Amino acid sequence: MPELPEVETVARGLSLRMEGKRLKTLDLHRPDLRRPMPTGLKALVEGRVILGIARRAKYVLMHLSDGGTLIVHLGMSGRMLLSDPGVPPTALEKHDHVVFTLEDGTVVRFNDARRFGLLDYAAPGQLADHRVFEGLGPEPLGNEFSGPVLAEALAGKSTPLKAALLDQRVVAGIGNIYACESLYYAGLSPRRIAATVTAARAEKLAQAIRDVLTKAIAAGGSSLRDYVQTSGELGYFQHQWAVYGKEGEPCPGCDCDKAIQRIVQSGRSTFYCAKRQR
DNA sequence: ATTGGTTCCTGCTGGC
DNA sequence: TGCCAGCAGGAACCAA
């Protein structure tokens, strides 16, 4: 499920094939995804050159030559499917909701079965003020994120720590999987009340978040190279998770015989080791 | 204001 | 073998 590392991988992969090229057509095959498509979008972006592709939180940003920006959110099941270089694009498949055609013939399909995804647009100069970035917390891999910053964001919060990490206002880009994994490596219980995380623990958690995300991006990046060479398609990858999805399995990081537990918090599965995580 | 619960959607899985 | 309930989840939304 696309969280920060997966979105980063997708953005990098798209950069390789889309940057510096002109967007010939943008075809919308339905009027909405999670929200209605922006009005007049086609006319706003067609003919622009894609200057660069970046990521903020879980959003892919396509910077256009007139200063406008296309904003893509993959939701839960969203994928960006690239045509093979020098090969005529294949026919559209089910759930190909948005199709980008570049001047050199490259076709990129935004396929999203569950339609939790999003396509939006920021006019020139309006990106920073766009609604999707309102209240968004710091980038966990950026300089503005640190133990003290995290501690401050958690202070006064009476929610479980796991729920706080999923709150994009606390820190941007973390989803269910990396919240579980980060808490595991920090040795902190997902059930702990967020406000009880003081300086030392926040420092450890911030570091765990950075480590987990960095490693996941590295894994995605290496998979990406292979994947692009063989099929030209971007997808998601096999991950080595410590606790996520490992209910009943032994805790990998300590000698305890306690199996990894699954509990439900805020309606979502949390996986953790009750002995290692306090 | 904060927080917890619900909803959107479809594909896959497990149980009978 | 086939059916169907249950589950997966990001973020907007609503209600307390």
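Keep in mind the model is a prediction, meaning the values are calculated, not measured. Letters A, B, ... are given to chains in the order of the sequence lines, protein chains preceding strands, and every chain is numbered from 1.
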For this session: Go through C:dA8, C:dA11, C:dA12 for me and flag the one nearest to the A:Q168 side chain.
Result: C:dA11
Exercise. Cut-off 3.5 Å, side chains only: do A:K162 and A:N176 have a donor facing an acceptor?
Worked result: yes
Problem set entry | Cation-pi check, A:R276 onto A:Y184 ring (under 6.0 Å, within 45° of axis) | yes
Exercise. Closest heavy-atom contact between A:R48 and A:L44?
Worked result: NE-O, 3.3 Å
Exercise. How long is the line joining CG of A:D167 and P of B:dG5, in whole Å?
Worked result: 15 Å
Exercise. How bent is the helix from B:dT2-C:dA16 to B:dC16-C:dG2, comparing axes over its five end pairs at each side, to the nearest 10°?
Worked result: 50°
For this session: Report the distance from atom CD of A:E134 to atom P of C:dC13, rounded to the nearest whole Å.
Result: 11 Å
Exercise. To the nearest angstrom, how far is A:L166 atom CG from B:dT6 atom P?
Worked result: 17 Å
Exercise. More than 12 non-hydrogen atoms from neighbouring residues, nucleotides or ligands closer than 6.0 Å to CZ on A:R192, yes or no?
Worked result: yes
Seminar exercise, completed: Contact string for nucleotides 7-14 of chain B, one letter per nucleotide 5' to 3', B = base within protein heavy-atom range under 4.0 Å, S = sugar-phosphate only, - = neither, reads -BBBS---
Exercise. In whole angstrom, what separates A:R131's CZ from C:dA12's P?
Worked result: 7 Å
Exercise. Can you tell me how far C1' of B:dT3 sits from NZ of A:K157, to the nearest Å?
Worked result: 8 Å
For this session: Compare side-chain N and O positions of A:S266 against OP1 and OP2 of B:dG5 and report whether any pair is under 4.0 Å apart.
Result: no
Exercise. Heavy atoms, side chains only, cut-off 4.5 Å: are A:V72 and A:Y59 in contact?
Worked result: no
For this session: Please determine, by modelled atom types, if A:R210 and A:T214 share a side-chain donor-acceptor pair under 3.5 angstrom.
Result: no
For this session: Round to a whole Å and report the spacing from CG of A:L118 to P of C:dA11.
Result: 10 Å
For this session: Could you check how far CZ of A:R191 sits from P of B:dG4, rounded to whole Å?
Result: 14 Å
Exercise. When the aromatic ring centroids of A:F110 and A:H97 are compared, is their separation below 6.0 Å?
Worked result: no
For this session: Using a 4.0 Å heavy-atom cut-off across all strands, classify A:R262 as base, sugar-phosphate, or nothing.
Result: sugar-phosphate
Exercise. Atom NZ of A:K162 and atom C1' of B:dT3: how far apart are they, to the nearest Å?
Worked result: 16 Å
